[in-house]
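Quick caveat: nothing in here was measured; it's all calculated off a predicted structure.
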Amino acid sequence: MHKLVAAALARSPDRISLATLGGRKGVAITLGYLDSAKWPAWVAKVAHTSEAVLKLAKEHQALLALAPWAEELGVPRVLDWQCDSTNACLLTSAVAGRLVRIIFRLAGEPGSGSEHLNAALSWLERFRRTIPAGGGGPAREAAIAALAPLKEECGAVAGLRSLLESAAEFAAAPSHGDFWYGNLRFDGKRAGVFDWSGLAARSPLHDIFKLLTSCCFEYGGAVKTPPDVAAFGSIWFSATPLARYFREKIRPVSDDQAELRTAFYHFLAESILIAGPSTRGIWYKITSILERRGFPAPGSLLPAGIWT
Amino acid sequence: MAHHPRWLETLALRCRCGNDIQLSSDGYICGCGRKAGAWDGAKAVIGSPIPYWGEIPQDQMRRLLDESERNGWRAAVQANLEPVLSEYVTTPDRAAFQEILPLSSGALVLDVGAGMGGIAAELARNYRVVAQEGVAERADFIALRAAQDGLSENLAVINGDVNSVEFAPGQFDAAIVSGVLEWVGLFDTSKGVKEVQVDFLRRLRGFLKPGGLIYVGIENRIGWAQLRGVPDHSGIPYTSLLPRFLATWVCRRNRNYRSSQNVTYRTYTYTHGGFLKIFAQAGLRARSTHISVRGYDYPTELVPLVEEAIVTYTLEHLNRPGGLKTRLLNRARLAAAKPWFWRTFGADFVFVLEAAGA
């Protein structure tokens, strides 16, 4: 047991039961449960390899950066931290709430958890409104460049391209990096998010794609096909905060950040409906297609604002 | 004088006469004249080694040792053992339980029945470990892997029968008993199985410093795996579920018994309540109880018998939704996410024990 975990146990006036959740990629996760509490009291991540130590250090940095908004966004607070080259321990508060398996059925009736999907999308909106976005010239250039090969297959691209070119600024958005339902917890409809080691500036598409596609699953042995993807849009987008944008065409927007974000959501919807993934594939195919097309790479530097 | 960890100087055996015998000397001779054992190359030999038994036949084990010396133990294991066994011997996961043991760095830990050293070697990265193993070949293997992995300063190997190595009292911070308690009945047939097990635990309790802990990993007598017909320690399915006399009767008439020391049914496991009873008889109490979801051999996922922890774990490990069967199975798993259900039918238990008066 790491000494920070031992210290947390010793500090607690109440009895704490420990659960371990395995050593994923060199990180052992231990949860501390108070017998009477609904959620874990704290979470300890212990890294045993230099690679895992680096990842944990990133998460520690991200949580410190997000600390001013921790309450509002449901982000864990750092309780303790210790690090050397081959060992690190990050002790944080736990995110209140339970895992909800948001399910999107590719065929047939809608799945479950639409209210939670909406809550997660709302959370993303709030996250981007809350966290200050810094500069972003390179992201704009990258986004424009990435659109070029899409011209033939997606009618929305031309509009988006002119939009990007005419905008005074196009900032990459702060992005969680691994925003899938497994990293979310819901207390009622209030979402909290953990596992922040991937916090960086990226395409605003990154998180939303990851979330939406993590909710899909293979149905009856069949995988996503274009009609399925169309069903994805019609069933889910109509029930989300993005609904009002969904069926509209891309229209010229000002250089206002919110408008640009809206335009990107349009682009997301259009991409799913028109370009879509290939006839076979699962969620990562979509994101890998985007990455191949040159959207800002995961792990690019955060806008300066977030660290200050 | 042979090389052994310097901290071994602080460790002593207890002679039958009541005197202590320091483990740092080459020959362990008590003031009363009794010779308890001797340091032999890379290990201490205490009493008589038990007859060979293990996961592989003795000649294969000897070949493995030879090859380990020549090519390194990891390469030898991968070349000579089945993949499942190779993983079992090499994986650090077997010591993953250390995340729930409140031990300070450098604590002195006794690994009882250390086998091929998978747990002891991993613990030796953080603690000072005494690996006690009754089979000479396996003790040699532990010493070899410790030397080749640069862990010899933290890992001392004692080759001696679990029931005969007698340490002076109050020396260890923790004792690890992973997959051992159920077997100890085989090594002392002079008493009833439960009595042997209680005596064994009582002796271990005596080896501990005040506040010391015993970690026990063991199957549930009526666990899910047993109900599904996984072979019991007897080598025969369902024997743990039978009344003891009936299990003894079955084992007497069956040749599939796993140990060469075929002495009827002496590998008792218990229900949760049964374990707590024998712990209490040994002057111990459970500080925490967990279900080791991957089995006590791979204690990477330890879930305490606390409702929220069980529900959280279950939610995170439901099958991806699919057909009716999967949906029904998921619903059943959620309905079963209750402490009483896990306590009753959980496959393997992990107990962290402390002295009852602590």
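The NZ atom of K3(A) sits 10.0 Å away from atom OG of S104(B), with the distance rounded to the nearest 0.5 Å. Taking OG of S288(B) as the start and CD1 of I16(A) as the end, the distance is 12.5 Å to the nearest 0.5 Å. Here the straight-line distance linking atom CD of Q98(B) with atom NE2 of H2(A) works out to 11.5 Å at 0.5 Å rounding.
Salt-bridge formation is detected for the pair R185(A)/E316(B): a Lys NZ or Arg NE/NH1/NH2 atom is positioned less than 4.0 Å from an Asp or Glu carboxylate oxygen.
By the 6.0 Å contact criterion, CH2 on W224(B) is open, its count of non-hydrogen atoms from other residues, nucleotides or ligands being 12 or less. Residue-environment remark: NZ (K277(B)) stays at or below the threshold of 12 foreign heavy atoms within 6.0 Å. Within a 6.0 Å sphere centred on CZ of R331(B), heavy atoms belonging to other residues, nucleotides or ligands number 12 at most.
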For Y33(A) and T312(B), what are the C-alpha separation, side-chain angles and deciding distance, and is it a side chain to side chain contact (heavy atoms under 4.5 Å, CB included)? CA-CA 11 Å; Y33(A) 286 89; T312(B) 301; 3.5 Å; yes
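Residues R98(A) and E308(B) are in side-chain contact: their nearest non-hydrogen atoms beyond the backbone lie under 4.5 Å apart. Counting heavy atoms from C-beta on, the side chains of M1(A) and L103(B) never come closer than 4.5 Å.
Residue L315(B) touches chain A through both its backbone and its side chain, counting heavy-atom pairs closer than 4.5 Å. Contacts between P299(B) and chain A at a heavy-atom distance below 4.5 Å involve the backbone alone (N, CA, C, O). Residue contact with chain A, scored on non-hydrogen atoms closer than 4.5 Å, involves the side chain of V311(B) exclusively. Of the two parts of Y298(B), neither the backbone nor the side chain holds a non-hydrogen atom closer than 4.5 Å to a non-hydrogen atom of chain A. In this structure, chain A has a heavy atom under 4.5 Å from the side chain of Y313(B), while its backbone stays farther away.
Top candidate by heavy-atom pairs under 4.5 Å with chain B, chosen from A44(A), P40(A), S17(A), is S17(A). Among V303(B), V352(B), I100(B), the residue with the largest count of heavy-atom pairs under 4.5 Å with chain A is I100(B).
Paired with L302(B) under the rule side chain to side chain contact (heavy atoms under 4.5 Å, CB included), one option of L18(A), L21(A), T30(A), T20(A) passes, and it is T20(A).
Residue E99(B) comes nearest to A28(A) through the heavy atom pair OE2-CB, 3.6 Å, listed as atom of the first residue, atom of the second, then distance. Scanning all heavy atoms of the two residues, the minimum distance from R15(A) to R287(B) falls at NH1-O, 3.2 Å.
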